[in-house]
Amino acid sequence: MGTKGRSIVKDADKIVEKLNKAFADEWLAYYQYWVGAKVIEGPMKEAVIGELDQHAADELRHADMLALRIIQLGGVPILDPKQWHEASNCGYHGPADPNVRVVLDQNVKGEQCAIGVYTELMEFTRERDPITYNMALEILQDEVEHEEDLEALVQDFEILTAS
Ligand SMILES: [Fe+2]
Ligand SMILES: [Fe+2]
């Protein structure tokens with residue numbers, strides 16, 4: 001990023017730190033969806049796989065957006081995957097139990113955590129960095145949609161299995 005572009009940002013180091021934590025979250029979320037789509041078992045499997053794959057692609061795109069912004073701010077995206085767990089806000093919840101309902105619930109929790117993370121990032125950047133604020137809003141819109149998609153699948157699952 002150019003000199004003027006950087007000059008409009010306050011507390012860039014702190015913002016980079018927050019962006020790197022979100023970056024770790026996105027990679028772990030990507031993998032959680034990706035591997036979940038591979039191993040999942042149970043009713044509505046095909047519909048759920050389609051959704052999980054789509055979310056995985058979105059999380060990877062978010063990781064890309066975050067890495068670009070980190071670099072623009074003069075930072076370095078986490079270089080070693082070993083650091084993802086330590087840096088992450090939301091952690092990783094692998095599909096040890098591949099049951100559709102269990103995997104959906106795990107991912108709903110992940111999205112709810114992500115919504116909290118981007119809401120907080122927006123609060124922090126509101127007066128400090130309009131570009132990151134705008135990016136956080138864009139990502140937040142996706143995470144809200146993800147939660148809604150998953151909760152709709154949980155609802156369908158309940159209707160299907162109630163009878
Ligand atoms: Fe994401
Ligand atoms: Fe998401």
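Note that the structure is predicted; figures quoted are calculated from it, not measured. Counting convention: from 1, in listed order, for ligands and their atoms alike.
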Measuring only between side-chain heavy atoms, which start at C-beta, is E143 closer than 4.5 Å to H62? yes
Neighbouring protein N, O or S atoms of the Fe ion (ligand 2) [cut-off: under 2.8 Å, no waters]: E59 OE2, E111 OE1, E111 OE2, E143 OE1, H146 ND1
Is D105 salt-bridged to R101, going by a charged N under 4.0 Å from an acidic O? yes
So, are R6 and D129 salt-bridged, with charged N and O less than 4.0 Å apart? no
Salt bridge check, E26 against R61: does any charged N sit closer than 4.0 Å to a carboxylate O? no
Check the angle between the aromatic planes of Y33 and H55 and answer parallel, tilted or perpendicular using the 30° and 60° thresholds. perpendicular
Please list all pairs meeting salt bridge (Lys or Arg N to Asp or Glu O under 4.0 Å) that have one or both residues in residues 71-99, counting only residues at least two apart or in different chains. none
